[in-house]
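For clarity, every value in this text was computed on a predicted model and none was experimentally measured. Position 1 is the first residue of the sequence, and the numbers go up from there. Computation of the quantities below employed the complete heavy-atom set of this structure, encompassing side-chain atoms and omitting hydrogens, waters and symmetry-equivalent molecules.
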Amino acid sequence: MVNSNMNTLGIIFPNSYDLFVPDLVNVRLMASIPFASRYRLIDFTLSSMANSGIDTVSVVVNNNYQSLIDHLGSGRSWDLVRKNGGLNIFPPFADKASKPYVGRAGALANILDFLQNQKKKYVLLANSNIAANIDFKAMVDAHVASGADITMAYHTQEIPEGFLKAKDSTKGYYYTLRIDNGRVTKIFVNPKDTGIQNFCMNILIVDRELLINLVTEASLLGQEFLERDVLIPQLGKLNVQGYKYDGYVATISSIKTYFEENMRLLDDYNQDALFSGSPIYTKVRDDSPTRYIEGAKAQNVMVADGCLIEGEVENSILFRGVKVEKGAKVKNCILMQDTVVEKGADIEYLITDKNVTVTAGKEMKGTETYPVYIAKFHTV
């Protein structure tokens with residue numbers, strides 16, 4: 001890993017957009033959702049920060065954070081075990097002034113004392129509903145060179161389907177940007193426009209002292225959302241620059257997009273686009289290599305270590321410790337850690353959470369537009 005000090009503090013908000021994937025976050029938060037065979041969503045943002053030389057990272061959690069704490073541990077997997085700085089996790093009620101929050105301005109108000117005691121000049125804010133391999137050093141360099149007060153990362157793409165089809169817009173706000181000569185002149189809240197947009201990635205860089213002033217004022221006014229409540233009213237006053245990110249981005253906005261973004265990685269081009277840059281780190285689990293028993297068939301699959309394949313697997317994502325017994329057929333599925341598909345079972349378009357068992361001879365099939373989800377520890 002890169003161990004240079006970039007004079008930047010990283011802050012991650014792991015509960016962002018939880019309500020868009022209610023099944024997957026029943027026992028966890030967005031940041032700890034398993035993704036791409038062996039990772040959690042937070043691994044991508046956290047690894048990008050570590051690879052860019054950010055040696056102090058704070059994770060401001062709200063609820064359902066036990067699985068995330070278990071995954072992150074001391075931060076050793078990301079080289080973030082430090083005497084000064086390193087990885088910090090802030091739960092609600094960490095002190096008497098903090099409380100559960102709604103938006104990022106409210107979350108930052110909970111750690112205002114921490115921000116005031118830091119020495120870093122810049123703060124990098126990021127959510128955890130995307131998988132991308134980002135060079136944050138290049139973004140910070142662009143921010144410094146432009147002389148901006150705030151720099152917002154955006155990606156030119158269509159608005160993710162899960163956001164467009166959300167029945168309740170209060171579940172979470174998403175934004176698109178109007179960019180004029182590099183400057184953000186308009187921020188649109190929950191737009192429904194079709195076609196390619198400057199879609200905000202909810203990643204921004206800001207001077208720490210400025211952020212403290214903005215959050216302090218927002219707290220006094222009872223404002224919760226950083227972009228909607230704080231930045232939009234001050235776009236004319238602040239120099240807010242856009243930073244275009246041209247790399248691969250997977251955005252999770254619904255259970256359907258979660259399924260689709262995983263399946264996209266079965267294409268070698270997409271997989272290389274996400275993983276061919278800096279390495280992505282995750283919690284180590286000491287498993288043996290996956291075993292393919294005589295008679296097993298596997299075609300176009302992404303399989304983690306520790307699996308046992310005796311049956312047939314096609315177009316599927318298998319996490320650690322999955323077992324597909326003899327005569328079982330798995331097609332177009334996402335099987336999370338320690339799922340067991342017993343003899344003769346035939347499944348298609350399923351998402352199984354951890355420790356699910358599909359019993360012998362069972363036939364279960366969803367569709368491409370409606371994959372069936374089976375909750376953690378269930379036997380079907």
Side-chain angles (χ1 to χ4, degrees), residues 1 6 8-19 21 24-25 27-35 39-95 97-118 120 122-134 136 153 172 201-206 208 211-212 215 224 226 252 280-284:
M1 295 186 191
M6 219 178 35
T8 302
L9 166 69
I11 299 180
I12 300 175
F13 304 92
N15 287 97
S16 56
Y17 302 111
D18 278 359
L19 294 177
V21 285
L24 293 173
V25 299
V27 292
R28 60 171 71 90
L29 35 60
M30 175 68 79
S32 59
I33 291 176
F35 187 78
Y39 301 94
R40 305 294 183 105
L41 281 175
I42 196 172
D43 292 338
F44 295 88
T45 301
L46 193 56
S47 297
S48 294
M49 288 183 176
N51 289 328
S52 300
I54 297 175
D55 59 11
T56 303
V57 179
S58 298
V59 182
V60 188
V61 298
N62 204 9
N63 53 49
N64 279 1
Y65 49 82
Q66 182 58 50
S67 64
L68 183 66
I69 291 175
D70 177 67
H71 178 70
L72 296 178
S74 64
R76 184 174 300 279
S77 297
W78 300 267
D79 193 26
L80 288 172
V81 178
R82 306 293 173 89
K83 180 179 291 187
N84 297 308
L87 180 67
N88 305 286
I89 301 175
F90 289 94
F93 310 114
D95 59 54
S98 67
K99 60 186 184 298
Y101 61 85
V102 178
R104 297 203 291 185
L108 291 168
N110 282 351
I111 62 168
L112 203 52
D113 289 343
F114 171 77
L115 287 173
Q116 292 169 338
N117 291 330
Q118 291 300 298
K120 307 290 188 182
Y122 305 106
V123 180
L124 172 64
L125 307 177
N127 288 349
S128 297
N129 66 314
I130 66 171
N133 197 341
I134 304 173
F136 286 129
M201 298 173 66
N202 291 311
I203 296 172
L204 61 85
I205 296 171
V206 56
R208 182 177 59 85
L211 180 63
I212 290 171
V215 171
E224 284 284 349
L226 188 62
I252 309 304
I280 303 299
Y281 308 99
T282 190
K283 178 183 177 181
V284 175

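- Using a 4.5 Å cut-off on side-chain heavy atoms (C-beta onward), Ile205 and Thr8 make no contact.
- By the 4.5 Å heavy-atom criterion applied to side chains, Arg40 and Pro34 are counted as neighbours.
- When side chains are defined from C-beta on, Met49 counts as touching Ile12, because their heavy atoms get closer than 4.5 Å.
- With sequence neighbours excluded, the residues forming a side-chain contact (heavy atoms from CB on, under 4.5 Å) with Val27 are Lys376, listed by chain and number.
- Residues Phe44 and Ile130 fail the side-chain proximity criterion, which asks for heavy atoms closer than 4.5 Å.
- Among residues two or more places apart in sequence or in another chain, the side-chain contact (heavy atoms from CB on, under 4.5 Å) test is passed with Gln66 by none.
- Nearest approach of Ala126 to Thr45, heavy atoms of both residues: CB-CG2, 3.8 Å.
- With sequence neighbours left out, Asn63 forms a side-chain contact (heavy atoms from CB on, under 4.5 Å) with Asn15, Asp18.
- Using modelled atom types, no side-chain atom of Asn110 and backbone atom of Pro92 make a donor-acceptor pair closer than 3.5 Å.
- The nearest pair of heavy atoms linking Met6 to Ile54 is CE-CG1, 3.4 Å.
- With sequence neighbours left out, the ring pair (Phe, Tyr, Trp, His ring centres under 6.0 Å) criterion links Tyr122 to His143.
- A donor-acceptor pair is defined here as one N or O able to donate and one able to accept, closer than 3.5 Å; such a pair exists between the side chain of Arg208 and the backbone of Gln118.
- Residues Leu68 and Ile89 are not in side-chain contact: their nearest non-hydrogen atoms beyond the backbone lie 4.5 Å or more apart.
- For the pair Lys283 and Asp43, the minimum side-chain heavy-atom distance is 4.5 Å or more.
- Scored by the side chain to side chain donor-acceptor pair (under 3.5 Å) test, Asn202 finds Tyr17 as partners (sequence neighbours excluded).
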* Could you please spell out the steps behind the side chain to side chain contact (heavy atoms under 4.5 Å, CB included) verdict for Tyr101 and Val60? => CA-CA 10 Å; Tyr101 61 85; Val60 188; 4.0 Å; yes
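- The side chain to side chain donor-acceptor pair (under 3.5 Å) test applied to Ser58 returns no partner, not counting sequence neighbours.
- Remark: of the listed residues Ile212, Leu108, Leu211, Leu211 is the sole one forming a side chain to side chain contact (heavy atoms under 4.5 Å, CB included) with Val123.
- Within the structure, the salt bridge (charged side-chain N to carboxylate O under 4.0 Å, His left out) test picks out the following pairs touching residues 100-109 (sequence neighbours left out): Arg104-Glu227.
- The heavy-atom pair separating Ile252 from Met30 by the smallest distance is O-CE, 4.1 Å.
- Neither side chain, Asp79 nor Tyr281, offers a donor N or O lying under 3.5 Å from an acceptor on the other.
- Scanning for side chain to side chain donor-acceptor pair (under 3.5 Å) contacts around Ser67 gives Ser32, with sequence neighbours left out.
- Applying the salt bridge (Lys or Arg N to Asp or Glu O under 4.0 Å) test to Arg28 and every residue at least two apart in sequence or in another chain returns Asp353.
- Side-chain contact check for Leu19 versus Val25: every heavy-atom pair is 4.5 Å or farther apart.
- Applying the ring pair (Phe, Tyr, Trp, His ring centres under 6.0 Å) rule to Phe136 yields no partners; only residues at least two apart in sequence or on another chain are considered.
- Atoms CD1 and OG, from Ile69 and Ser74 in turn, are 13.0 Å apart once rounded to the nearest 0.5 Å.
- With sequence neighbours left out, the ring pair (Phe, Tyr, Trp, His ring centres under 6.0 Å) criterion links Tyr65 to no other residue.
- Counting only heavy atoms from C-beta outward, the side chains of Phe13 and Leu29 never approach each other to under 4.5 Å.
- Side-chain N or O atoms of Tyr39 include none that pairs as donor or acceptor with a backbone N or O of Ala131 at under 3.5 Å.
- Rounded to the nearest 0.5 angstrom, Ile134 CD1 and Ile203 CD1 are separated by 3.5 Å.
- Scanning all heavy atoms of the two residues, the minimum distance from Val81 to Gly75 falls at CG2-C, 4.0 Å.
- Remark: side-chain polar atoms of Ser128 are not paired, donor with acceptor, to backbone N or O of Ala31 under 3.5 angstrom.
- The shortest non-hydrogen separation linking Leu87 to Gly73 is CD2-O, 4.3 Å.
- Ser16 pairs by the side-chain contact (heavy atoms from CB on, under 4.5 Å) definition with Asn127, Asn129, not counting sequence neighbours.
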* Output, in order, the C-alpha distance, side-chain angles, deciding distance and verdict of side chain to side chain contact (heavy atoms under 4.5 Å, CB included) for Thr56 and Asn88. => CA-CA 8 Å; Thr56 303; Asn88 305 286; 4.1 Å; yes
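- In this structure, CG in Leu72 is found 9.5 Å from CG in Leu80, a value given to the nearest 0.5 Å.
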